[in-house]
Number of protein chains: 2
Amino acid sequence: MSRSTVDSPVLHGDVAHLGFLLGLWRGEGEGVYPTIAPFHYGEELVVGHVGKPFLSWVQRTWSLDDGRALHAETGYLRSPPGGPVELVLSHPTGVVELSEGECHDGTVTLTSRLVGCTTSAKPVRALSRVIAVEGDVLRYRLSMAAVGRDETDHLTATLRRADGGHP
Amino acid sequence: MSRSTVDSPVLHGDVAHLGFLLGLWRGEGEGVYPTIAPFHYGEELVVGHVGKPFLSWVQRTWSLDDGRALHAETGYLRSPPGGPVELVLSHPTGVVELSEGECHDGTVTLTSRLVGCTTSAKPVRALSRVIAVEGDVLRYRLSMAAVGRDETDHLTATLRRADGGHP
């Protein structure tokens with residue numbers, strides 16, 4: 001049997017309260033950091049599920065000048081009963097992130113418990129995220145401690161549903 | 001400007017020697033572990049790139065009985081000049097993996113330098129992978145130290161190119 005997915009699986013109960021994140025989101029963001037010039041970027045975020053107790057998270061950004069790929073991140077959101085919301089993410093900069101937090105009223109707040117960097121990666125020590133959905137608009141802000149700096153603002157973006165609504 | 005990818009980017013020099021991994025691979029595998037019954041699974045692996053110094057890695061497996069989703073993993077492969085091959089991966093089991101190793105003659109050998117587990121994850125301590133491509137066949141084996149066990153064989157699989165050849 002070669003079928004690789006179950007058609008239209010039911011959203012798992014563990015992540016039902018995060019269902020407002022599901023969908024295809026597109027928009028633009030702005031980046032700042034003490035060590036670099038401010039920059040703007042386009043962004044697409046796809047949050048999906050396969051009926052298991054996690055959501056998938058696939059994000060990529062691109063230059064608004066010429067469309068070239070900038071950053072990306074990919075991983076999973078979990079929310080086991082009685083525990084924190086959990087985010088496990090990989091970054092192509094050679095960074096893995098394990099963040100935990102909570103979700104209330106359409107806002108997910110996450111703080112890294114572990115950030116791991118490959119031999120060649122620029123060192124990142126901590127990441128914090130606030131992701132808030134109101135209607136068809138998703139806004140997030142991300143702060144980061146990296147390259148020897150204390151945690152400070154890094155990214156803010158506003159994305160809109162690009163898939164015609166909540167599945 | 002809304003274009004989100006550059007059409008047909010050139011493979012970055014850092015990862016050119018890993019280009020044999022690029023493509024869509026499908027096949028079947030077998031899992032064993034001292035704490036569970038042996039199992040078989042279908043698998044799809046997509047290795048891609050966007051012209052930057054990394055390859056993207058998206059894998060999912062499914063039950064051969066009913067097609068339901070089983071495991072998945074997603075992340076990036078890097079290979080900066082003069083350093084190890086680096087793999088950063090997220091697992092929906094609440095695990096992040098940072099593995100490093102080398103590539104010779106179509107075989108990539110990776111050993112975890114860091115494995116991080118969320119609050120709710122079953123504890124994984126170490127992962128080792130050998131991924132070998134010969135022609136249109138990709139074989140891998142993975143060993144794992146988890147749930148208090150020493151590192152031991154866990155997965156073996158044989159995948160074949162499903163996209164009509166090397167891009």
Side-chain angles (χ1 to χ4, degrees), chain A residues 1-7 9 26 42-44 49-58 60-70 72-84 86-100 113-121, chain B residues 1-7 9 26 42-44 49-58 60-70 72-84 86-100 113-121:
Chain A
M1 180 166 185
S2 67
R3 191 162 62 108
S4 59
T5 56
V6 175
D7 294 334
R26 284 207 191 97
E43 174 167 356
E44 179 180 278
H49 81 102
V50 294
K52 299 201 70 169
F54 58 85
L55 305 182
S56 58
W57 180 278
V58 183
R60 64 198 174 97
T61 68
W62 58 88
S63 165
L64 292 171
D65 296 330
D66 59 7
R68 73 184 186 282
L70 292 179
E73 57 188 39
T74 178
Y76 306 95
L77 267 168
R78 293 156 52 90
S79 189
E86 304 174 345
L87 176 68
V88 288
L89 270 188
S90 307
H91 303 248
T93 44
V95 171
V96 290
E97 169 187 356
L98 187 164
S99 290
E100 294 187 349
R113 279 190 45 228
L114 174 75
V115 178
C117 301
T118 60
T119 298
S120 69
Chain B
M1 180 163 185
S2 66
R3 190 161 60 111
S4 58
T5 55
V6 175
D7 295 333
R26 283 207 191 98
E43 174 166 357
E44 180 180 276
H49 82 103
V50 293
K52 298 201 70 171
F54 59 84
L55 304 183
S56 58
W57 180 277
V58 183
R60 63 197 175 97
T61 67
W62 58 87
S63 166
L64 292 171
D65 296 331
D66 59 7
R68 73 185 186 282
L70 293 179
E73 57 189 39
T74 177
Y76 306 96
L77 266 169
R78 293 157 51 90
S79 188
E86 304 174 344
L87 175 69
V88 288
L89 270 188
S90 307
H91 303 248
T93 46
V95 171
V96 290
E97 169 188 355
L98 188 163
S99 291
E100 295 187 348
R113 279 189 44 227
L114 174 74
V115 178
C117 300
T118 61
T119 298
S120 69

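Fair warning: this is a prediction, and the values are worked out from it, not measured in the lab. Per chain, numbering begins at 1; letters A, B, ... match sequence-line order.
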**Student:** Which atoms of A:Glu97 come close to chain B, meaning under 4.5 Å heavy atom to heavy atom: side chain ones, backbone ones, both, or neither?
**Tutor:** backbone

**Student:** If the condition is ring-ring contact (aromatic ring centres under 6.0 Å, His included), which residues does B:His91 pass it with, not counting sequence neighbours?
**Tutor:** B:His71

**Student:** Taking the side chain as everything from C-beta on, heavy atoms only, tell me whether A:Thr119 gets closer than 4.5 Å to B:Arg113.
**Tutor:** yes

**Student:** Let me know which of A:Thr74, A:Val88, A:Leu87 forms a side chain to side chain contact (heavy atoms under 4.5 Å, CB included) with B:Ser90.
**Tutor:** A:Val88

**Student:** Is any side-chain heavy atom of B:Pro92 less than 4.5 Å from a side-chain heavy atom of A:Lys52?
**Tutor:** no

**Student:** Under the 3.5 angstrom rule, does the side chain of A:Glu86 hit a backbone N or O of B:Ser120 as a donor-acceptor pair?
**Tutor:** yes

**Student:** Heavy-atom distances under 4.5 Å only: say whether A:Val58 touches chain B with side chain, backbone, both or neither.
**Tutor:** neither

**Student:** Which one of B:Ala72, B:Gly82, B:Gly51, B:Ser99 has the most heavy-atom pairs closer than 4.5 Å to chain A?
**Tutor:** B:Ala72

**Student:** Identify the heavy atoms of A:Arg78 and B:Thr118 that sit nearest to each other, and give their distance.
**Tutor:** NE-OG1, 3.9 Å

**Student:** Heavy-atom pairs under 4.5 Å with chain A are the metric here; pick the option from B:Gly116, B:Gly83, B:Gly94, B:Pro80 that has the most.
**Tutor:** B:Gly94

**Student:** Report the residues that fulfil side-chain contact (heavy atoms from CB on, under 4.5 Å) with B:Leu114, sequence neighbours left out, ordered by chain and then residue number.
**Tutor:** A:Val96, A:Leu114, B:Leu98

